[in-house]
Amino acid sequence: MNTAVTSSVKPESLSAVSVPAAMAKGEKARVTSGDKLMMKHPEPAFTKVPPQTLLDQKLSVCSKLCFAIGGAPNQVAGSATAFFLQIYLLDIAQINPFQASMVLFVGKAWGAVTDPIVGFFITKSKWTKIGRLMPWMVGCTPFMVVSYFYLWFVPPFTNGRFMWYLGFYCLYQTLITCFHVPYSALTMFLSTDQRERDSATAYRMTVEVLGTLVGAAIQGQIVASAHTLKHCPHRNLTAAHLTNSSGTEIIRSLALSQDFLSHAKEVYMIAAGVIGGLFLVCTVVMFLGVKERDDPYAPKTDKAIPFHKGFILVMKHGSYLTLTASFLFISVAIQLIQSNFVLFCTYAVELRDHFQNIVLTILMSAAVSIPFWQWFLEKFGKKTAAFCGITWIMPFTVMLVFIPNLIVAYVVAVSSGLSVAASLLLPWSMLPDVVDDFRLANRNSKGHEAIFYSLYAFFTKFAAGISLGVSTLCLQFAGYDTGACRQPLPVVYTLKLLIGAAPVACITTGLMILVVYPISEDVRLRNKVALEELRKQSITCKTLRADLSSV
């Protein structure tokens, strides 16, 4: 009897089906004898569940920490690129705003396209001694470190710099996708228990926010000296001021600017080297401390669901579409704030000497508040936590635009950190619930976890790429002057819109979509009970088949 048939047959009917099948093969005497032997025992054999099939898969604190540490490098590098890549391309690499917008947009869009591609290849991957997902993460890490370093390296030529940064940013996005998609899907292969997965996700988000904090701290503190006014003689407003100066002053100013630019290039490479080393260390810790395991109790089929069929099923699943669309707009808002915040502090509100400390304040607030949001979502539900946490950022970003004061900036930073933490924790905590809901709706499907996580990353990255490209183009249309110490008023107004009005509009849209998200706490608990029943049936079927085979 093949596996596909036995997996769909109810336990109580297995012996009735097996006896006629054996009789048809001329084994009547032996099967009848076995049947009599089974009738002598009052208790059915399938009540004896082997120890390795216990449903309660508890995770140790060490395993959760090692899993969480594995996600830190992505956030460290992501924080550095989110806050500093745009200003680096404009002021250090000195490519024009249009080229910078193309690098940011095409790189993000390419990273988005590679997400479902990598998800497809992961679904085709076979289990190895270290799992199905772990080889992807371990194998791509060294190449990812190299591509990340050259992303922050200024080549000696000028004409081809646009292609240099575009090529290495696309390569980095490809490799980080090969790491992040399997890492995100690994959540489903840590334990079958929802509470354990939620706990591991909370550990992960806490460490990832700390990673974001570390990334901003490393990058901000090391490269802060590259964005001061020391290279601007007499606090000149723009580079055009030099045209009205004497020849000796022009030569002195140019020499000072070149020395300062060389220093800026050097500190950016130092920061890239430090972050690259963190990639290697954290990946090794995750590899040594995390055990990847398949769900042994899920309904089995002869083979995993094909990727194209899984894609169609996923895109038809209403709760997934609602969650993805909602956090797509929310992530765009957070991305707009992150990518334009350093420019905003530098040119719009005269906080260029404090931006690195303000960024650290935001991320420290986010790191501290992750445990609070974990408690809040367990107490009041994930959907309620999303509304309470993410709306918190809107009034404070607007306040910073209209009251550009240092004290106000720090108040806004602490308040914004609460929303950043919620926006990081909640989508990754809610995605496993959507996957469980999908499992119940498609009980004979398997191997779709990578599809969920890769498509979610695809949509959010693509939207972020569009927002980054459009925001940088807006700066060009406003008249952004590359290398200038001050920017014209239209650029200042544009930065205020990108920090204030645009994120508020995106967050409002995302929360309106989240209103119709169907998985409430009652639905989530019902899904949990139903999945446990399915797994118990699977254990029973496998145990009974083993007993019948032995008979």
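The first residue in the sequence is number 1, and the count goes up from there. The figures here come from the full heavy-atom set of this structure, side chains too, leaving out hydrogens, waters and symmetry mates.
- For F438 and F452, the ring centers sit closer than 6.0 Å to each other.
- Atom-to-atom distance recorded for Y456:OH and T324:OG1 is 7.0 Å, nearest 0.5 angstrom.
- Taking the side chain as every heavy atom from C-beta outward, Y169 and L85 approach each other to under 4.5 Å.
- Ring centroid separation for the pair F67 and Y203 does not come in under the 6.0 Å cut-off.
- Using a 4.5 Å heavy-atom cutoff, the side chains of K64 and R204 are not in contact.
- N340 and L475 make their closest contact through OD1-CD1, 4.4 Å (heavy atoms, listed as atom of the first residue, atom of the second, distance).
- Closest approach of G273 to F149, counting heavy atoms only: N-CD1, 4.1 Å.
- Side chains of T472 and Q86: a donor on one and an acceptor on the other come within 3.5 Å.
- K382 and L426 get closest at one heavy-atom pair: O-CD2, 3.7 Å.
- No more than 12 heavy atoms of other residues, nucleotides or ligands lie within 6.0 Å of CZ in F98, so this atom counts as exposed by the packing criterion.
- C178 and V118 get closest at one heavy-atom pair: SG-CG2, 3.9 Å.
- The shortest side-chain heavy-atom distance between L321 and F459 does not fall under the 4.5 Å cut-off.
- Here the side chains of W164 and F157 are in contact, with some heavy-atom distance below 4.5 Å.
- Between the CG atom of N74 and the OG atom of S79 there is a distance of 11.0 Å, given to the nearest 0.5 Å.
- Remark: Y172 engages Y148 in a ring pair (Phe, Tyr, Trp, His ring centres under 6.0 Å) (not counting sequence neighbours).
- With hydrogens and angles disregarded, no donor-acceptor distance shorter than 3.5 Å links the side chain of S326 to the backbone of T322.
- Remark: F162 CZ to I95 CD1 distance equals 7.5 Å, nearest 0.5 Å.
- Of the residues listed (D436, D437, D433, D522), the one engaging N527 in a side chain to side chain donor-acceptor pair (under 3.5 Å) is D437, and it is the only one.
- Within the 4.5 Å cutoff, the side chain of S319 has heavy atoms near those of the V434 side chain.
- Counted by atom type alone, S63 and K291 present zero donor-acceptor pairs between their side chains at under 3.5 Å.
- Put simply, CE on M134 and OG1 on T283 are 10.0 Å apart, with the number rounded to the nearest 0.5 Å.
- G389 and S419 get closest at one heavy-atom pair: O-OG, 2.6 Å.
- Under the 4.5 Å side-chain criterion, counting only non-hydrogen atoms from C-beta, Q219 is not in contact with T81.
- Side-chain contact between L431 and Y320 is present, with at least one heavy-atom pair separated by less than 4.5 Å.
- Rounded to the nearest 0.5 Å, atoms CD (Q99) and CG (L104) are 12.0 Å apart.
- For the pair I330 and S423, the tightest heavy-atom approach, listed with the atom from each and the gap, is CG2-CB, 4.2 Å.
- Taking the six-membered ring where tryptophan is involved, the planes of F153 and Y150 are perpendicular, since the angle between them exceeds 60° and thus also 30°.
- Rounding to the nearest 0.5 angstrom, the gap separating the CG atom in L343 from the CZ atom in F84 is 10.5 Å.
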